[in-house]
Amino acid sequence: MTAKSAAVATRATVHGYPRQGRNRELKKAIEGYWKGAVTADALRAAATELRRENWRQLAEAGVLEVPTGDFSLYDHVLDTTVAVGAIPARHRAAVDADPLDGYFAMARGTQDVAPLEMTKWFDTNYHYLVPELGPDTVFVANPAKAVGELAEALALGHEARPVLVGPVTYLLLAKPAPGVAADFEPITLLDRLLPVYAELLAALKAAGAQWAQLDEPALVQDRTPAELNTAARAYRELGALTDRPKLLVASYFDRLGAALPVLAKAPVEGLALDFTGPAAANLDDLAAVGGLPGKRLVAGVVDGRNIWINDLEKSLATLATLFGLADRVDVAPSCSLLHVPIDAALERDVDPQIARWLAFARQKAAEVALLARGLREGTGAITADLAANRADLASRAGSPITRDPAVRARTAAVTADDARRPQAYPQRAEAQRARLGLPLLPTTTIGSFPQTTELRVARADLTAGRIDAAAYRERMEAEVREVIAYQEKAGLDVLVHGEPERNDMVQYFAEQLTGYLATRHGWVQSYGTRYVRPPVLAGDISRPHPMTVDWFRFAQDLTDRPVKGMLTGPVTMLAWSFVRDDQPLGATARQVALALRDEVTDLEAAGAAVVQVDEPALRETLPLRAADRPAYLDWATESFRLATSGVRADTQVHTHMCYAEFGAIMTAIEELDADVISLEATRSHMQVAGELAAAGYPREVGPGVWDIHSPRVPSTEEALALLRAGLAAIPAERLWVNPDCGLKTRGWTETRASLDSLVGAARRLREELAG
Ligand SMILES: CN1c2c(nc(N)[nH]c2=O)NC[C@@H]1CNc1ccc(C(=O)N[C@@H](CCC(=O)N[C@@H](CCC(=O)N[C@@H](CCC(=O)O)C(=O)O)C(=O)O)C(=O)O)cc1
Ligand SMILES: N[C@@H](CCS)C(=O)O
Ligand SMILES: [Zn+2]
């Protein structure tokens with residue numbers, strides 16, 4: 001294959017790169033600035049250096065056109081809010097007084113002013129700050145960041161393409177500002193916003209931009225005809241501008257569907273499309289609209305949000321097809337590399353068999369560069385790389401790590417009955433009432449107690465070899481003793497051991513399961529300066545030994561009250577890990593579920609009368625398009641049931657979810673067949689209790705009455721008011737009293753005071769109801 005069909009030689013590019021640096025230098029600089037230990041100038045210098053290093057890495061990998069403006073001190077959606085001047089009124093003074101401090105005030109709030117709300121960036125694990133707009137919003141162009149970062153890259157000799165969140169996505173992600181009618185639709189502000197984008201684009205052109213990228217991932221979601229018309233109008237108007245760079249409109253995370261013909265017809269010079277996973281449907285859709293004659297296509301053929309090496313020959317075949325469909329084809333990852341860790345070469349402890357299957361941001365940059373080279377120079381120029389890639393893929397496909405016959409035999413033998421508890425809920429409820437003998441409105445917590453610095457230091461000491469496993473265990477047992485004694489004294493009814501030994505609710509289990517790989521340096525930005533290290537579901541999953549049973553037994557031996565066994569559910573394990581791309585998600589979930597099922601039954605055998613299996617990610621993992629949701633909910637609920645249905649009738653299965661907006665998954669919640677569910681409910685003032693009641697949910701519910709995301713201590717009266725609201729929807733016999741989520745991020749002082757309020761409120765209400 002040669003590149004002769006392309007008018008302009010194919011090149012590689014990326015939509016964005018991890019911001020944090022190899023050793024999370026950005027986190028350290030920003031948090032240092034917040035603490036007063038790093039000056040603003042030093043923070044800016046650190047950021048400049050990180051951008052320089054990122055572009056250097058990209059250029060070194062062979063990426064000839066680098067992105068600019070993708071870097072952020074906190075969040076790129078917040079950067080767009082600044083670029084279009086949509087500063088909320090409550091933050092205006094802070095931003096005027098000092099733009100940097102004002103920026104962080106919008107991100108984090110101050111003592112007096114609430115931050116912007118944060119929510120998930122589509123179906124990734126990145127969180128952005130939600131723009132707040134209203135009929136009075138005045139947009140003002142502020143191109144300083146975009147222009148400054150472009151100038152930096154150009155001065156370093158890079159060919160650079162500034163990237164901005166596109167106007168349609170920006171407005172679709174926004175919400176009505178506080179005080180604005182809830183039915184206000186930010187998208188109605190498009191006419192006001194477009195002139196500001198025109199100014200930004202003109203400023204970028206003046207600064208030397210040949211191209212500018214406008215990211216429109218919101219167009220891969222289900223969109224109404226009116227929204228599609230708005231997108232068409234937006235790009236008709238931006239396209240008609242004369243003083244602008246060439247425009248590349250980027251979409252990612254799924255197929256464009258009905259938005260594809262809209263963008264294909266728009267008077268812009270290029271489109272970036274995702275061709276990975278289900279978004280591969282873009283290929284046929286593109287052919288169906290007659291391709292992109294006269295336009296540039298940036299083809300996302302390397303998965304930008306997973307960590308597996310690319311199948312280079314398959315990508316070359318896709319690219320060959322695409323060559324006939326556009327004027328010029330360039331090669332890119334499917335989306336920004338923000339969603340993967342920076343460099344797989346840092347993982348020196350990984351099994352060498354698995355290491356060759358991994359590609360983080362740096363390796364993906366090399367992959368797109370190699371593909372572009374193959375297209376430019378012909379595949380003969382990359383023969384050796386293709387052979388190595390073929391061998392690596394074959395080693396993965398044929399490895400006993402990815403094909404464990406025992407796991408395969410067990411999953412193949414699963415029947416529908418295995419994923420159903422033998423007894424119907426009413427019988428189980430009766431058996432559990434008899435066994436547990438709990439009071440009306442039983443009180444409990446969600447699992448974790450404060451993860452104090454001492455606990456983290458002990459874990460760091462263990463990792464560094466400063467203490468041995470026995471000393472670590474002793475330290476954790478001391479904590480469990482304290483947590484149990486405290487709960488007894490506080491008057492809680494169903495106790496927890498407090499999870500002191502868990503570094504993270506997913507990683508802790510991943511570290512113990514065969515086929516799961518935990519990384520040491522694989523940090524990925526979750527929000528702001530907070531990062532996670534998603535483990536890798538690398539192979540077939542099995543449980544070589546019990547994972548939590550000793551901790552449970554230790555805790556239960558300390559008290560006569562029931563202690564909950566505490567596990568993370570299969571859906572959340574997948575959602576917060578890098579998943580296999582060589583089998584359906586449902587197949588991986590089933591393997592994880594069977595490993596958890598063994599743990600659940602071992603907990604039961606060790607005396608647990610209550611086992612909680614957390615699924616906070618069940619709602620957030622919902623596919624972007626409605627058509628894909630039933631299939632997801634099917635495997636998701638089945639895997640939860642498979643994990644939990646191996647127990648006796650009198651063993652009570654709890655589940656827990658802590659992200660609001662449960663409306664879309666009401667049926668799925670019932671399908672979990674858990675006996676008790678605890679949910680985040682404080683901020684929405686128990687709305688979920690009403691929703692469950694309206695859906696006819698027949699089981700026990702613990703809508704949270706303490707917002708654990710805030711350091712505020714609820715009073716007994718506040719908790720009481722919430723419980724009364726809960727009682728309006730759920731009868732007392734089925735209502736539990738608990739916080740919104742675990743207490744790991746809280747301190748002990750607030751924890752004690754808040755749990756006193758909870759227990760006090762439950763007691764008051766019990767007296768009233770008895771009385
Ligand atoms: C609830 N959420 C979770 C998600 N994913 C998970 N896997 N787990 C989750 O709980 N996704 C959705 C949300 C995301 N929310 C958050 C909230 C808070 C953070 C956060 O604070 N991250 C910390 C890092 C936390 C951590 O992993 N701590 C570990 C290890 C700490 C560590 O590595 N320390 C040293 C090295 C120590 C040593 O070994 O010597 C280091 O920093 O290098 C622990 O407690 O043991 C952050 O600071 O970013 C993230 C997502
Ligand atoms: N059991 C976990 C659930 C978090 S969603 C905890 O309490 O931290
Ligand atoms: Zn939670």
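Given the structure is predicted, the values throughout are model-derived calculations rather than measurements. Ligands are counted one by one from 1 in listed order, and the atoms in each one are counted from 1 as well.
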### Query
Do the side chains of Trp736 and Leu438 get nearer than 4.5 Å, heavy atoms only?
yes

## Note on the structure
Here the atoms of ligand 2 under 4.0 Å from any heavy atom belonging to His656 are 3 (C), 5 (S)

### Query
Would you say atom 23 (C) of ligand 1 has a protein heavy atom nearer than 4.0 Å?
yes

### Query
To the nearest 0.5 Å, how far apart are CG in Leu596 and CE in Met547?
5.5 Å

### At the Zn ion (ligand 3): angle between Cys658 atom SG and His656 atom NE2, to 10 degrees
110°

### Query
Is the charged tip of Arg19 near the ring of Phe71: under 6.0 Å from the six-membered ring centre and within 45° of its axis?
no

### Message
Side chains of His656 and Glu680, heavy atoms from C-beta outward: is any pair under 4.5 Å?
### Response
no

## Note on the structure
Numbered in order shown, the ligand 2 atoms found under 4.0 Å of a heavy atom of Cys658 are 5 (S)

### Message
Walk me through whether Glu499 and Phe449 qualify under side-chain contact (heavy atoms from CB on, under 4.5 Å).
### Response
CA-CA 7 Å; Glu499 304 177 27; Phe449 267 73; over 6 Å; no

### Task
Would you mind checking which non-hydrogen protein atom is closest to atom 13 (C) of ligand 1, with the distance to 0.1 Å?
Tyr659 OH, 3.5 Å

### Task
Take every heavy atom of Lys27, measure it against each atom of ligand 1, and state whether any distance is under 4.0 Å.
yes

### Query
For atom 37 (C) of ligand 1, what's the nearest protein heavy atom and its distance?
Ala460 CB, 3.9 Å

### Query
Is Arg543 paired with Glu599 through a side-chain N to carboxylate O contact shorter than 4.0 Å?
yes

### Message
Taking the ring of His339 and the ring of Phe253, is the distance between their centroids below 6.0 Å?
### Response
yes

### Task
Give the atoms of ligand 2, by number and element, whose distance to some non-hydrogen atom of Cys741 is under 4.0 Å.
4 (C), 5 (S)

### Query
Where is the nearest protein heavy atom to atom 17 (C) of ligand 1: which residue, which atom, and how far?
Tyr527 CE2, 3.9 Å

#### Entry: Under 3.5 Å: N/O of Tyr531 near N/O of ligand 1
yes

### Task
Validate the cation-pi geometry between Arg746 and Trp706: distance from NZ or CZ to the six-membered ring centre under 6.0 Å, angle to the ring axis within 45°.
no

### Full working for side chain to side chain donor-acceptor pair (under 3.5 Å) between Asn738 and Thr444
CA-CA 5 Å; Asn738 49 256; Thr444 191; over 6 Å; no

#### Entry: Nearest-contact summary for atom 8 (O) of ligand 2 - protein heavy atom, Å
Ser448 OG, 2.7 Å

### Query
When you measure from atom 15 (N) of ligand 1 to every protein heavy atom, which one gives the shortest distance, and what is it?
Ser526 OG, 3.8 Å

### Query
To the nearest 0.1 Å, how far is atom 42 (O) of ligand 1 from its closest protein heavy atom, and which atom is that?
Arg24 NH2, 2.4 Å

### Task
Could you tell me whether Arg473 sits above the aromatic face of Trp551, with NZ or CZ closer than 6.0 angstrom to the six-membered ring centre and within 45 degrees of the axis?
yes

### Query
Looking at Glu499, which atoms of ligand 2 are within less than 4.0 Å of one of its heavy atoms?
1 (N), 2 (C), 6 (C), 7 (O), 8 (O)

### Task
For atom 34 (N) of ligand 1, decide whether some protein heavy-atom distance is shorter than 4.0 Å.
no

### Query
Yes or no on ring-ring contact (aromatic ring centres under 6.0 Å, His included) for Tyr126 and His76, after CA distance, side-chain angles and deciding distance?
CA-CA 11 Å; Tyr126 176 81; His76 56 275; 5.2 Å; yes

#### Entry: Side chains of Tyr516 and Phe509 in contact at under 4.5 Å (non-hydrogen atoms)
no

### Distance filter under 4.0 Å to Gly447 heavy atoms, resulting ligand 2 atoms
7 (O)

### Query
Are Arg699 and Glu670 side-chain neighbours, meaning at least one heavy-atom pair lies under 4.5 Å?
yes

### Query
For atom 11 (N) of ligand 1, which candidate among Tyr508, Tyr126, Trp523, Trp576 holds the nearest heavy atom?
Trp576

### Task
Specify side chain, backbone, both or neither for Asn125, according to which of its non-hydrogen atoms lie closer than 4.0 Å to ligand 1.
neither

### Query
What protein heavy atom sits nearest atom 4 (C) of ligand 2, and how far away is it?
Met505 SD, 3.5 Å

### Task
Just need the protein heavy atom nearest to atom 30 (C) of ligand 1, so name the residue and atom and give the distance.
Arg533 NH2, 3.6 Å

#### Entry: Nearest-contact summary for atom 1 (N) of ligand 2 - protein heavy atom, Å
Asp614 OD2, 2.6 Å

### Task
May I ask which of Thr463, Asp504, Thr529, Val532 has a heavy atom nearer to atom 8 (N) of ligand 1 than the others do?
Asp504

### Message
Under a 3.5 Å distance rule, please check whether Lys27 uses its side chain to pair with a backbone N or O of Thr529 as donor and acceptor.
### Response
yes

### Query
So among Glu511, Gln451, Arg459, which one has a side chain to side chain donor-acceptor pair (under 3.5 Å) with Asn503?
Glu511

### Option whose closest heavy atom lies nearest to atom 44 (C) of ligand 1, chosen from Lys28, Glu501, Arg456
Arg456

### Summary
So the atoms of ligand 2 within less than 4.0 Å of a heavy atom of Gly742 turn out to be 6 (C), 7 (O), 8 (O)

### Query
Going by the atom numbers of ligand 1, which of them fall below 4.0 Å from some non-hydrogen atom of Asn503?
44 (C), 45 (O), 46 (O)

### Query
Going by the order shown, which atoms of ligand 2 are within less than 4.0 Å of some heavy atom of Met566?
1 (N)

### Message
Considering non-hydrogen atoms of the protein only, which is the closest contact for atom 46 (O) of ligand 1, and what is the distance?
### Response
Arg459 NE, 3.0 Å

### Non-hydrogen side-chain atoms of Leu622 and Leu633 separated by less than 4.5 Å
yes

### Message
Which residue and atom name correspond to the protein heavy atom nearest atom 19 (C) of ligand 1, and how close is it?
### Response
Arg530 CB, 3.9 Å

